[in-house]
Number of protein chains: 2
Amino acid sequence: MSKIIVSANGTKKDAIIKKAAGLFRHKGFAGTSMRELAESIGVEAPSLYNHIGSKIELLQNICFKVANEFMLHLHQTEQESNSTIDKLKHIIQFHIQMMVNEYDEVFVANHEWKQLKDPYLTDFLLQRKAYEKKLIDIVNEGIENNAIKNIHPQIAVLTILSAVRGLEFWQGQKNQMEVMELENNMIDHLLNGLVK
Amino acid sequence: MSKIIVSANGTKKDAIIKKAAGLFRHKGFAGTSMRELAESIGVEAPSLYNHIGSKIELLQNICFKVANEFMLHLHQTEQESNSTIDKLKHIIQFHIQMMVNEYDEVFVANHEWKQLKDPYLTDFLLQRKAYEKKLIDIVNEGIENNAIKNIHPQIAVLTILSAVRGLEFWQGQKNQMEVMELENNMIDHLLNGLVK
DNA sequence: AATAAAAACTAATAAGCGTTAGTTTTGTGT
DNA sequence: ACACAAAACTAACGCTTATTAGTTTTTATT
């Protein structure tokens, strides 16, 4: 077998990307060298280039994989004909789940996308703006339906996204029990507030 | 006069740190070179070393200046004998103000502190933990006083801090009117929720 | 066992990094 | 105008970077 250990249904490139996500999270994209990445895999740096095109390509893969997953889920949520509040609950829950299940990738997409080069940088930002726009539409829908108070929709979305994207400190505790507690508390906090 | 333009009551080192904060925010600490920093100031890279010790020292200055400002404000807030809710309002407001007035510095402190080296890294993390601990105590006080619902205090603090720290997208709009709107909406959202 | 392909290696490239040494220019106080 | 200090410069150091070229080893297929 090869030195690069692949998981089921995964290519060697996937395995490299996975390791890269972990290192990029800990040390940043610019702060991680290909030699480090290679060593963490158990291989010499040039060997990586049998499987990948470049360092920046790794970052592109991570960022767009995450962006696509979020966008796909949002599309699905839009098409379910739940109440506005349930949609928001669903979205917040998904963000938390992603944060728990694909922590490295989501973190890197949230923090290192600035290191992307055009045209990928522009694409990424457009996708992000589109995502926020869709969320704002949902909040507006809730305001029209009298389900949500007359708050500034953009600020409400900003607050929610900031809150869920910033979840990075919730580390190590992957215990499913605690994740559910986190979900329930955050959803309640962001929807119903803190005041008794 | 010298090439490095100093603002009133500021040393040349302060001017360099200020420029560094801007670059570190845009390109990251590892992604910013001393030659870039020098060029943005209008000087050759080695000239910087007449005024500063090292690159990492710039990051240290930024991170601890921000950390100290937040900690100082929290101390003051603790000693004012307002209600728990007013304390929280006050703290959220201060975070937003800092985000608006010292955007570069706060952003860098929030995102690039990982690049610090020990003992500064450990010190910074301890200070952050202490800050969170104090906030948790305030929330607990509110729960005991029946002012805050029986939420998990750590998660509540996590949510609030995530929300205010993530405010990065609120860019360019330094219009004071809009800042007040942002403040009022976020405070209302984080304290009273979204649901009507 | 022979052959072809995949995946690893070593060696080396040019470029960029933070920083130091040594020197020259600029500004200040007498 | 002279002396001293501050602040800039050029040149260069040793090191690290991502990546390429060329070669050898390993694996899979017949």
Side-chain angles (χ1 to χ4, degrees), chain A residues 1-24 26-63 108 112 114-118 120-121, chain B residues 1-7 9-21 23-24 26-63 108 112 114-118 120-121:
Chain A
M1 290 303 288
S2 66
K3 282 199 169 186
I4 300 176
I5 297 164
V6 304
S7 55
N9 299 341
T11 66
K12 296 200 173 97
K13 185 172 179 178
D14 293 334
I16 295 172
I17 291 171
K18 187 79 196 163
K19 276 281 186 189
L23 284 175
F24 291 172
H26 278 107
K27 319 192 59 174
F29 174 74
T32 303
S33 74
M34 295 302 276
R35 285 172 174 81
E36 277 180 284
L37 173 58
E39 188 180 15
S40 86
I41 293 175
V43 104
E44 294 297 321
S47 304
L48 296 173
Y49 289 85
N50 285 323
H51 311 285
I52 66 165
S54 64
K55 185 189 183 185
I56 195 86
E57 187 196 285
L58 296 173
L59 184 62
Q60 289 160 17
N61 274 275
I62 294 167
C63 289
V108 169
E112 301 293 333
K114 293 187 189 192
Q115 313 283 343
L116 290 172
K117 307 292 175 201
D118 271 327
Y120 300 97
L121 179 58
Chain B
M1 290 301 289
S2 67
K3 283 198 169 187
I4 301 176
I5 298 164
V6 304
S7 54
N9 300 339
T11 66
K12 297 204 172 91
K13 184 172 178 176
D14 292 334
I16 295 171
I17 291 171
K18 187 80 197 163
K19 276 282 184 189
L23 284 175
F24 291 172
H26 278 108
K27 321 194 57 174
F29 174 74
T32 303
S33 75
M34 295 302 278
R35 286 172 175 84
E36 276 180 284
L37 173 58
E39 187 180 16
S40 85
I41 293 176
V43 104
E44 294 298 321
S47 303
L48 297 174
Y49 289 85
N50 285 323
H51 309 286
I52 66 165
S54 65
K55 185 187 183 187
I56 195 84
E57 185 197 286
L58 296 173
L59 184 63
Q60 288 159 17
N61 274 276
I62 294 167
C63 290
V108 169
E112 301 292 332
K114 291 186 191 193
Q115 313 283 344
L116 290 172
K117 306 292 175 200
D118 270 326
Y120 300 97
L121 179 58

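First the proteins, then the strands, lettered A, B, ... as listed; each starts at 1. The basis for the numbers below is simple: all heavy atoms, side chains too, and nothing from hydrogens, waters or symmetry mates.
The two residues A/Lys114 and B/His26 make their nearest non-hydrogen contact at CD-O, 3.8 Å.
Atom CZ in B/Phe29 sits roughly 12 Å away from atom C1' in C/dC17 (whole-Å rounding). The CD1-C1' distance, from B/Ile41 to D/dC9, rounds to 16 Å in whole Å. Taking atom CE of B/Met34 as the reference point, atom C1' of D/dA8 lies 15 Å away to the nearest angstrom. The separation between B/Glu39 atom CD and C/dG16 atom P is 13 Å, rounded to whole Å. Per the geometry, CG belonging to B/Leu58 stands 12 Å off C1' belonging to C/dG18, to the nearest Å. What separates CD1 of A/Ile52 from P of C/dA8 is a distance of 12 Å, to the nearest Å. Across the protein-nucleic acid pair, B/Tyr49 atom OH and D/dA11 atom P stand 19 Å apart, rounded to whole Å. Atoms CG (B/Leu37) and P (D/dA8) sit 13 Å apart, rounded to a whole Å.
Side-chain N/O atoms of B/Arg35 and base N/O atoms of C/dG18 include a donor-acceptor pair closer than 3.5 Å. No hydrogens or angles were tested; on distance alone, nothing pairs the side chain of A/Asn50 with the base of C/dA6 as donor and acceptor under 3.5 Å.
Of the candidates D/dC9, D/dT19, C/dT19, the closest approach to any side-chain atom of B/Ser54 belongs to C/dT19.
Along DNA chain C, the nucleotide closest to B/Gly53 and the one closest to A/Glu44 are compared, and the more 5′ of them pairs with A/Glu44.
Between B/Lys12 and D/dA7, a side-chain N or O to OP1/OP2 separation shorter than 4.0 Å is present. Residue A/His51 places at least one side-chain N or O under 4.0 Å from the OP1 or OP2 atom of C/dA8. Contact check, B/Ser2 against D/dA7: no side-chain N or O comes under 4.0 Å of OP1 or OP2.
In summary, the side chains of A/Ser47 and A/Asn50 do not present any donor paired with an acceptor at a separation below 3.5 Å, with no hydrogens or angles considered.
Surrounding CD of B/Glu39 are at most 12 heavy atoms belonging to other residues, nucleotides or ligands under 6.0 Å away.
Looking at B/Gln115, its side chain never comes within 3.5 Å of a backbone N or O of B/Phe29 through a donor-acceptor pair. Judged by distance alone, the side chain of A/Lys55 and the main-chain N or O of A/Thr32 form a donor-acceptor pair under 3.5 Å.
Within 4.0 Å of B/Ser33, counting heavy atoms only, lie sugar-phosphate atoms of the nucleic acid but no base atom.
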